[in-house]
Structures are given as C-alpha cells and as structure tokens.
Q: 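Starting off with a structure, shown below.
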Amino acid sequence: MLKNQIVEGLEVFSCLPAKKTKRPPVLFVHGAFAGGWMWTETFMPFLAKAGYPCYAVSLRGHGGSHGRDQIDWHSVTDYVDDIGTVVDWLGETPVLVGHSMGGFIVQKYLERHQVPGAALVCSVPPQGLIAAQFHLMFQKPQLFMDINRIMSGNYPDTEILREALFAGEIDETMLAAWLDRMQPESHRALWDMSMFNLPNLHAMHRPPMLILGAELDVLVPAFLVQTTGQTYGLPAHIFRGMGHAVTHEKEWPLVAAALQDWLAEIRP
C-alpha cells in the first residue's frame, strides 16, 4: 500500500512488501520539474511486489516538500543533503535509483557516502548538462525554446510534454496528470549540473551500478548515457523505442524488470 508522510520537511512516499523480507530498501530520486510522485504508480509497486521496501523523496521545493517558494535558490548540494536526511530517517542504507537530474544527485551523493548500489536511469552524465543542451538546441530548436519557457514559469501544453518525455503510445489521462503536476526547477541547480558542481570522480565511492537509457530520449540522448557507462567502465542498457520518461512509457515494465534483475544481485 502506498503511503506518504513528511520527514523533516520532505515529502516521502513509501510502498512496502506484503511481508517483511531481507532485501535492501530502494530510495528513488526524481528528475527536474517533477517530484517523488513520478515513481508511485509504476516502479514502486512493481518492486514492492518483488519484496523490496520502496521509498521516493520529493526534493526540497518539489511536490509536497518545504521550500517551494525558494525553489530557484536550491543547489545540487541541498538536494544531496535531502537524500542524506531520508537515509538517516530510514536507519538503513538503501540502494539509490535516480532518474535524469536524480541520477546526477545520486552521483554527487556518492562523493561522501557508500551505498549498496546505485542505478542511473536516463541520468545527466557526470560531465554535466552542456552536451545535452547543445544537442537539443541543434536537433529540436523549438522544443529547446519551449523548455526554456518552463524556466520562466510558462507551462507547456500536452503536445510539448509528449515530445519532450515520450516516444511511444501513451495514455492521455496520464499525460494530463503529469502536466498538472509539473513545476519550475531551480536555476541554481541547473547551473550546478551544467558546470559549477560536477561530480568529483576521484572522490566517488563506486558501488555496483546500473546504467539505463532510452533510444529516443531527446533530453538525455542515448549517446550520453553510453558516455556515462564508459566513464564508469560499465555497459549501458538502452531501451529501444522509448523516450525520457521510461517510468511511464507503455513498456515501462521492461525497465522495471531490468532494475529488479540487477537488484537481485545486490547484497546489503
């Protein structure tokens, strides 16, 4: 059963197995413009059914967490601290799963902490956002401008959201709900991810890692996911026919199943 609560000002969703297991907890970290809600309808119940205690945090300024009015001033370091707050509350070190910006935050968390495993899903690469931004600007200049307008507080319509996040057939009701829950992102955090606070690869702990991407992702293209894999000396699993929001593409269970298979090899 899905629950949510406030932990030191942070919204935390939980979805627990029907019976207690010895499997490690999983903490999901959302991407930009989103919140912990993005995991609650798909990946969390899927993995909870497989026996994994699942949690998802809404980083400060997102979803039901504190700091919404100050969203533009929150830094990547602030977001890393939010993960630490939830980990302390759990009382057990979880496996971390980060999507897009969340994957970048997970990489930064590994500079100071050890975890049993870390999965990067369509993640901003350790080299930052610049390459992705230039790729989008040249490949889809109109979409690039539309996304920049979100930063100014102008919300997109469903067609812009569809082009940015999805590649396959999608449910219109889900798309409208996603659009309704979208929100501004911190300019400061985006600058941090572009150039000012990139992961220190020499300082990072290197737990078992899983790197997943999507063939038709226009925000974090597959070649950048492969770059992340090369950086960490690992293969990148690219899902064919999917866009950036692999948590809600029609074939999302394929991605969740790959995550489950990898988790089965993790030991707390």
Q: How long is the straight-line distance from CD of Q260 back to NZ of K49, given to the nearest 0.5 Å?
A: 10.5 Å
Q: What I'd like to find out is whether the side chain of Q139 reaches to under 4.5 Å of the side chain of V218, using heavy atoms alone.
A: no
Q: Return the CG to OH distance between L263 and Y52, rounded to the nearest 0.5 Å.
A: 5.0 Å
Q: Working to the nearest 0.5 Å, report the span between CG of D81 and NZ of K108.
A: 11.5 Å
Q: Can you establish whether the number of heavy atoms outside W262 located under 6.0 Å from its atom CH2 is more than 12?
A: yes
Q: Would you sort out whether H62 and E185 count as a side-chain hydrogen bond (donor to acceptor under 3.5 Å, both in side chains), showing the intermediate values?
A: CA-CA 8 Å; H62 298 78; E185 187 50 67; 2.6 Å; yes
Q: Would you say the side-chain atoms of E11 pair up with the backbone N or O of G64, donor to acceptor, closer than 3.5 Å?
A: yes
Q: Parallel, tilted or perpendicular, judged at 30° and 60°: which one describes the rings of W39 and H99?
A: perpendicular
Q: Say whether, by atom type as modelled, one donor and one acceptor occur between the side chain of T21 and the main chain of R23 under 3.5 angstrom.
A: yes
Q: Looking at every non-hydrogen atom in both residues, tell me the closest pair between P221 and A132 and how far apart they are.
A: CD-CB, 4.4 Å
Q: So, E172 and R162, do they make that salt bridge, N to O below 4.0 Å?
A: yes
Q: Is the count of non-hydrogen atoms from other residues, nucleotides or ligands lying under 6.0 Å from W89 atom CH2 greater than 12?
A: yes
Q: Working note: L212 + V246, criterion side-chain contact (heavy atoms from CB on, under 4.5 Å); need CA distance, chi angles, decisive distance, verdict.
A: CA-CA 10 Å; L212 305 178; V246 294; over 6 Å; no
Q: Does the side chain of H237 come within less than 4.5 Å of V225's, by heavy atoms?
A: no
Q: Run the side-chain contact (heavy atoms from CB on, under 4.5 Å) check on L16 and M1 step by step: do they pass?
A: CA-CA 7 Å; L16 304 181; M1 184 170 63; over 6 Å; no
Q: Once you round to the nearest 0.5 Å, how far does OG1 of T247 lie from CG of L259?
A: 12.0 Å
Q: Taking N200's backbone N and O only, do any of them form a donor-acceptor pair with E111's side chain (distance below 3.5 Å, no angle check)?
A: yes
Q: Do you know which of V29, V80, L198 makes side-chain contact (heavy atoms from CB on, under 4.5 Å) with F104?
A: L198
Q: Is there a side-chain contact between C54 and F28 (heavy atoms, below 4.5 Å)?
A: yes
Q: The test is side-chain contact (heavy atoms from CB on, under 4.5 Å); show your working for Q70 and D72 and say whether it passes.
A: CA-CA 6 Å; Q70 296 83 35; D72 222 21; over 6 Å; no
Q: I need the minimum non-hydrogen distance between A34 and M38, along with the two atoms involved.
A: CB-SD, 4.2 Å
Q: Walk me through whether Y232 and Q107 qualify under side-chain hydrogen bond (donor to acceptor under 3.5 Å, both in side chains).
A: CA-CA 11 Å; Y232 294 118; Q107 292 172 77; 2.7 Å; yes
Q: Step through the shown structure and confirm whether more than 12 heavy atoms of other residues, nucleotides or ligands are within 6.0 Å of CD on E251.
A: no
Q: Are L10 and W73 co-members of a hydrophobic cluster defined by side-chain heavy atoms under 4.5 Å apart?
A: no
Q: Answer whether the closest heavy-atom distance between the side chains of V12 and I6 falls below 4.5 Å.
A: no
Q: Locate the shortest heavy-atom distance separating Q133 from S194; write the atom from each residue and the value.
A: NE2-OG, 3.6 Å
Q: Where the side chain of Q183 meets the backbone of G61, is there a donor-acceptor pair that is under 3.5 Å apart?
A: yes
Q: Any chance you could lay out the side-chain hydrogen bond (donor to acceptor under 3.5 Å, both in side chains) test for D78 and S75, step after step, and finish with the verdict?
A: CA-CA 5 Å; D78 291 330; S75 67; 3.2 Å; yes
Q: Tell me whether E41 is salt-bridged to R181, with the criterion being a basic N under 4.0 Å from an acidic carboxylate O.
A: yes
Q: For the backbone of H74 and the side chain of S186, can you confirm whether one donor and one acceptor N or O come within less than 3.5 Å of each other?
A: yes
Q: Show the nearest heavy-atom pair for residues A48 and C15, with the distance to one decimal.
A: CB-O, 3.5 Å
Q: Any side-chain heavy atom of V255 sitting closer than 4.5 Å to one from M242?
A: yes
Q: Indicate the atoms forming the closest heavy-atom contact of A214 with G243, along with that distance.
A: CB-O, 3.3 Å
Q: So do V7 and Q5 actually touch side chain to side chain, heavy atoms under 4.5 Å?
A: yes
Q: Between H135 and F223, is the ring centroid distance below 6.0 Å?
A: yes
Q: Measuring only between side-chain heavy atoms, which start at C-beta, is P208 closer than 4.5 Å to I266?
A: yes
Q: So, for V87 and T93, which heavy atoms are closest and what is the spacing to 0.1 Å?
A: CG1-CA, 4.4 Å
Q: For the residue pair W37 and W178, does the interplanar ring angle fall in the parallel (under 30°), tilted (30 to 60°) or perpendicular (over 60°) class?
A: perpendicular
Q: Examine Y79 together with H30 and report whether their ring centres are nearer than 6.0 Å.
A: no
Q: Take T227 and Q127 through the side-chain contact (heavy atoms from CB on, under 4.5 Å) test and state the conclusion after the steps.
A: CA-CA 9 Å; T227 297; Q127 293 80 13; 3.7 Å; yes
Q: Could you state the interatomic distance from CZ (R188) to CG (D192), rounded to the nearest 0.5 Å?
A: 6.5 Å
Q: Do the side chains of F166 and L216 join up, straight or via other hydrophobic residues, at under 4.5 Å, putting them in one cluster?
A: no
Q: Hey, could you give me the CG/CG distance between L210 and L234, rounded to the nearest 0.5 Å?
A: 9.0 Å
Q: Would you say that F13 contacts S58 through its side chain, given a criterion of any heavy-atom pair below 4.5 Å between the two side chains?
A: yes
Q: Any side-chain to backbone donor/acceptor pair from E249 onto G168? Under 3.5 Å, distance only.
A: yes
